[in-house]
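Just below is one structure, and these are the notes that go with it.
Each ligand, and each atom within it, is numbered from 1 in the order the structure gives. Heads up: numbering here begins at 1 and tracks the sequence.
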Amino acid sequence: VKLDDEIIQKEFFMQIAMVQDKIVPVEQLDPAYFDRGLYFGDGVYEVLRSYNGKIFGLDEHIERLANSLAAIEITGIDVKEIRGRVQEAFDTAKVPNVKIYFHVTRGSALRSHGWDNSLKPNFFMLISDLEEDPELKAKGVAVSVYPDIRWKRCDIKSLNLLPNVLAQQDATRKGCFEAIFLNDAGFITEGSSSAFFQIFGRTVHTTPLSKSILPSITRKFVLKAAANVGLEIVEKSIMPNQLKAVDELLLGTTTKDVIPVVEFDGQTIRDGRPGKYTKQLIEEFRLFTV
Ligand code: PDD
């Protein structure tokens, strides 16, 4: 990434930069300091994982990326090329089980809310070892609740994650694995970084897709797994008080696929152990990954 020299000359006139406690000549600043992702969260991201040397759901993630980019009007970057970069970096890593994070921001420029259409998007990717914790699937996890204070376009996988970050920190503080968002009307939307499912008898409930939740890739495959197992699927939001009658809870997220939930907001679910359909869903999901 290089800042347009003309912009630097024209607009950096009479500007002084300071990084930590050091004055730095503006011309010497790394363009990363001007990334609109940093100032405005002006960008989108994806998280993928691989299983045994194969990237899972690459097409789905690239399709969602294309939708996110279009929704915030970032142009000038080709998603097919990004797909190639993901594959290339993964092939270079030569590690069978990894987490792949990448983001695309609108570009680097002097801070100003509006943008210039000539801006070149910035791309950053990080591939790292995936730490698997079999205990999570074996024992299940506890979840807390947190008000869904996010914006009205949660279907966009944007870099603006402050509500998610605060929710997760609150969950961690309470000894929970994940926070489940409750909207202003008291309905469950989704987890701070996961899709959430409730099983009543042989019926799997989950929040319907809308602008209020992320179209989770794991959600899609969990619902496919549920259909394969012969469970009925109901896409309808519910309230926490309806969980008095729930048999099983589970969450879904790329890095961990299916995780049983055995405690909700301090209440133990049934016998406090992962439910039988959840275990079946974990097994069924595994078949998609081989
Ligand atoms: N988060 N909902 C939210 C708000 C999320 O941030 C995520 C994933 C999900 C699950 O989506 P998927 O199944 O496509 O991973 C649902 C990623 C993993 C993250 O932010 O790290």
Side-chain angles (χ1 to χ4, degrees), residues 37 41 43-51 55-68 71 86 97-105 124-133 136 141 143-172 177-183 187-198 204 206-226 235 237 249-259 261 281-282 284-286 288-289:
V44 297
Y45 76 106
E46 278 296 330
V47 179
L48 300 88
R49 69 157 292 176
S50 66
Y51 291 88
I55 301 172
F56 182 72
L58 181 54
D59 289 335
E60 285 82 357
H61 284 274
I62 294 298
E63 188 190 337
R64 184 171 66 187
L65 171 73
N67 292 338
S68 296
V86 171
N97 294 296
V98 294
K99 171 179 172 170
I100 303 169
Y101 169 86
F102 70 82
H103 65 220
V104 179
T105 71
F124 173 74
M125 173 158 46
L126 187 70
I127 297 191
S128 43
D129 274 316
L130 199 82
E131 288 158 38
E132 304 258 30
D133 182 0
L136 294 178
V141 299
V143 297
S144 57
V145 293
Y146 197 83
D148 197 339
I149 55 175
R150 298 177 299 168
W151 69 332
K152 295 186 174 72
R153 289 303 306 272
C154 297
D155 56 318
I156 302 171
K157 202 161 173 61
S158 98
L159 291 174
N160 287 274
L161 291 174
L162 209 35
N164 311 62
V165 164
L166 293 173
Q168 178 61 61
Q169 197 62 13
D170 180 70
T172 305
F177 177 78
E178 168 72 311
I180 302 299
F181 282 129
L182 302 182
N183 68 16
F187 287 96
I188 290 168
T189 53
E190 62 181 330
S192 73
S193 63
S194 61
F196 188 53
F197 307 85
Q198 309 87 35
V204 183
T206 197
T207 309
L209 292 182
S210 73
K211 289 178 177 170
S212 304
I213 65 166
L214 184 78
S216 153
I217 309 300
T218 315
R219 176 188 185 280
K220 181 180 154 174
F221 284 100
V222 167
L223 293 183
K224 206 168 150 186
E235 296 183 59
S237 312
L249 295 176
L250 55 136
L251 49 84
T253 185
T254 288
T255 47
K256 311 222 158 41
D257 56 73
V258 180
I259 301 286
V261 172
L281 290 174
I282 289 172
E284 197 65 29
F285 194 100
R286 212 187 300 275
F288 299 140
T289 69

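Nearest to atom 18 (C) of ligand 1 by heavy-atom distance, out of Thr253, Leu161, Thr255, Asp257, is Thr253. Of the candidates Asp155, Thr207, Val47, Val222, Val47 brings a heavy atom nearest to atom 21 (O) of ligand 1. The option with the heavy atom closest to atom 4 (C) of ligand 1, from among Ser192, Gly57, Ala167, Gly252, is Ser192.
Heavy atoms from both the backbone and the side chain of Ser216 come within less than 4.0 Å of ligand 1. When non-hydrogen atoms are compared, ligand 1 lies under 4.0 Å from the backbone of Ile217 as well as from its side chain. Residue contacts with ligand 1, taken as heavy atom pairs separated by less than 4.0 Å, do not involve Tyr101 at all. Neither the backbone nor the side chain of Cys154 has a heavy atom within less than 4.0 Å of ligand 1. The backbone and the side chain of Thr218 each have at least one atom closer than 4.0 Å to an atom of ligand 1 (non-hydrogen atoms only). Contacts of Arg150 with ligand 1, taken as heavy-atom pairs under 4.0 Å, involve the side chain alone.
If you number the atoms of ligand 1 from 1 as listed, the ones under 4.0 Å from a heavy atom of Gly191 come out as 4 (C). Of all atoms in ligand 1, listed by their number and element, those nearer than 4.0 Å to a heavy atom of Ser194 are 2 (N), 3 (C), 5 (C), 7 (C), 9 (C), 10 (C), 16 (C). Of all atoms in ligand 1, numbered sequentially from 1 with element shown, those under 4.0 Å from a heavy atom of Ala195 are 16 (C).
Residue contacts with ligand 1 do not include Lys256, since none of its heavy atoms lies under 4.0 Å from the ligand. The closest approach between Pro215 and ligand 1 stays at or above 4.0 Å for every heavy atom of the residue. Look at Lys157 and you'll find a heavy atom under 4.0 Å from some atom of ligand 1. At a 4.0 Å cut-off, at least one heavy atom of Asn164 sits close enough to ligand 1 to count as contact. Within the structure, ligand 1 has Arg64 among the residues with a heavy atom less than 4.0 angstrom away.
For the pair Phe177/Leu136, a side-chain contact is recorded, criterion being any heavy-atom separation below 4.5 Å from C-beta on.
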Step-by-step side-chain contact (heavy atoms from CB on, under 4.5 Å) determination, Leu214 to Asp155: CA-CA 4 Å; Leu214 184 78; Asp155 56 318; over 6 Å; no
Checking side-chain contact (heavy atoms from CB on, under 4.5 Å) for the pair Val222/Leu250: CA distance, chi angles, key distance, verdict? CA-CA 10 Å; Val222 167; Leu250 55 136; 4.2 Å; yes
Assess whether side-chain contact (heavy atoms from CB on, under 4.5 Å) is satisfied between Val261 and Phe197, documenting all intermediate values. CA-CA 9 Å; Val261 172; Phe197 307 85; over 6 Å; no
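Separating the CG atom in Leu48 from the CZ atom in Arg64 is a distance of 8.0 Å, to the nearest 0.5 Å.
Formation of a donor-acceptor pair under 3.5 Å by the Ser194 side chain with backbone atoms of Gly252 is not found in this model. One N or O on the side chain of Asn160 and one on the backbone of Gly41 form a donor-acceptor pair closer than 3.5 Å. Judged purely by atom type and a 3.5 angstrom limit, Thr189 has no side-chain atom pairing as donor or acceptor with the backbone of Asn183.
Minimum interatomic distance between Thr207 and Ser237 (heavy atoms only, all atoms of both residues): CG2-OG, 3.6 Å.
When only non-hydrogen protein atoms are considered, atom 19 (C) of ligand 1 lies nearest to Tyr45 OH, 3.6 Å. Nearest non-hydrogen protein atom to atom 5 (C) of ligand 1 is Ser193 CA, 3.4 Å. Shortest contact from atom 2 (N) of ligand 1 to any protein heavy atom: Glu190 OE1, 2.6 Å. Distance from atom 15 (O) of ligand 1 to its nearest protein heavy atom, with residue and atom name: Thr254 OG1, 2.5 Å.
Look at Glu190 and Arg150 and you find a salt bridge, because one of the NZ, NE, NH1 or NH2 atoms lies within 4.0 Å of a carboxylate O, short of that distance.
Tyr51 and Phe285 have tilted rings, their planes meeting at an angle from 30° to 60° on a 0 to 90° scale.
The only member of Lys99, Lys256, Arg49 that meets salt bridge (charged side-chain N to carboxylate O under 4.0 Å, His left out) when paired with Glu132 is Arg49. Screening Glu60, Glu235, Glu63 for a salt bridge (charged side-chain N to carboxylate O under 4.0 Å, His left out) involving Lys220 leaves a single residue, Glu60.
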